[in-house]
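Structure, as structure tokens:
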Amino acid sequence: SQPVQQLFRQNSGVFPFNTDSHSASFRIDHLPSVNNSFNIKYTYNIREEADQATRALLAFSRSNNVDVLDHNLNGTWTHFFNAEMNNELRLQFNYNELFVTSNDPNGPELNVAGFGFFNRDIFLPSFNIDRRYEIVDNFSVISGNHRFKFGGSYLMRDGFFDSKTFFGGRFGFGTLP
């Protein structure tokens with residue numbers, strides 16, 4: 001009875017929901033000639049959220065922490081051959097991390113229907129890293145009242161996904177009498 005009372009006392013009350021988010025970006029446009037234009041853009045985002053899932057019957061020990069990191073780099077080159085023909089080349093790279101961890105790193109998950117949900121979530125921790133590479137090239141021609149556009153794109157994705165699902169174990173109990 002003592003460990004159960006201790007579990008309920010440690011997970012009752014008001015818990016802070018902390019968020020920290022930072023973003024930065026820059027863009028450079030360059031026009032070396034009337035026929036060529038270049039631009040490059042970089043964005044950076046980082047976000048940390050702590051205890052954002054603590055609510056109602058969801059205990060502090062079941063709550064999770066989310067860390068997100070995102071880098072994105074874009075570049076464009078547009079070339080005008082003449083008033084009727086142009087080419088646009090676009091390049092993009094994106095790197096994204098999404099890490100979700102539990103306040104209780106060990107578990108097991110403990111669910112008491114109608115009373116509370118405690119300890120490590122069975123789907124956590126989860127660590128995801130995505131990489132995205134894209135190349136797009138478009139060639140446009142205007143002839144009389146017609147516009148023709150030809151092009152292609154190449155998209156490659158690469159990812160690392162690590163989820164420790166069911167590693168902590170799970171105990172579920174029906175409603176208390």
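Small disclaimer: the values here were computed from a predicted structure and weren't measured.
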CG of Leu69 to CZ of Arg47, rounded to nearest 0.5 Å, is 11.0 Å
Might you point out which heavy atoms bring Asn87 and Asn138 nearest each other, and give the distance in Å? OD1-O, 3.0 Å
State, to 0.1 Å, how close Phe99 and Ile129 come at their nearest heavy-atom pair, and which atoms those are. CE2-CG1, 4.0 Å
Judged by atom type as modelled, is there a donor-acceptor pair below 3.5 Å linking the side chain of Ser143 to the main-chain atoms of His146? no
Above 12 or not: heavy atoms from other molecules or residues under 6.0 Å from OH of Tyr95? yes
Test: side chain to side chain donor-acceptor pair (under 3.5 Å). Region: residues 151-174. Which pairs qualify, not counting sequence neighbours? Glu109-Arg170, Arg131-Asp158, Asp162-Lys164, Ser163-Thr165
Less than 4.0 angstrom from a charged side-chain N to a carboxylate O is my criterion; do Asp130 and Arg132 meet it? no
Would you say the side chain of Phe127 lies within less than 4.5 Å of the side chain of Thr101, judging by non-hydrogen atoms? yes
In short, Thr43 meets Lys41 closest at the heavy-atom pair CG2-CE, 3.7 Å
Between Phe123 and Asp121, the two heavy atoms sitting closest are N-OD1, 2.9 Å
Can you check whether Pro125 reaches Arg120 side chain to side chain, under 4.5 Å on heavy atoms? yes
Aromatic rings Phe93 and Tyr133: how do their planes relate, parallel, tilted or perpendicular, breaks at 30° and 60°? tilted
Under a plain distance cut-off of 3.5 Å, with no hydrogens placed, do Asn74 and Asn72 share a side-chain donor-acceptor pair? yes
If you measure from CD on Gln92 to CD1 on Ile135, what distance do you get to the nearest 0.5 Å? 11.0 Å
Apart from Phe80 itself, what residues make up its hydrophobic cluster, given side-chain heavy atom links below 4.5 Å? none
Heavy atoms only: give me the nearest Gly169-Ile122 pair and the separation to one decimal. O-CG2, 3.5 Å
For the backbone of Pro108 and the side chain of Asn119, can you confirm whether one donor and one acceptor N or O come within less than 3.5 Å of each other? yes
For Ser61 and Asn103, which I'm curious about, is there any donor-acceptor pair between the side chains at under 3.5 Å? no
So Tyr42 and Tyr44, would you call those rings parallel, tilted or perpendicular, with 30° and 60° as cut-offs? parallel
Closest non-hydrogen atom pair, Arg62 against Ser102: O-OG, 4.3 Å
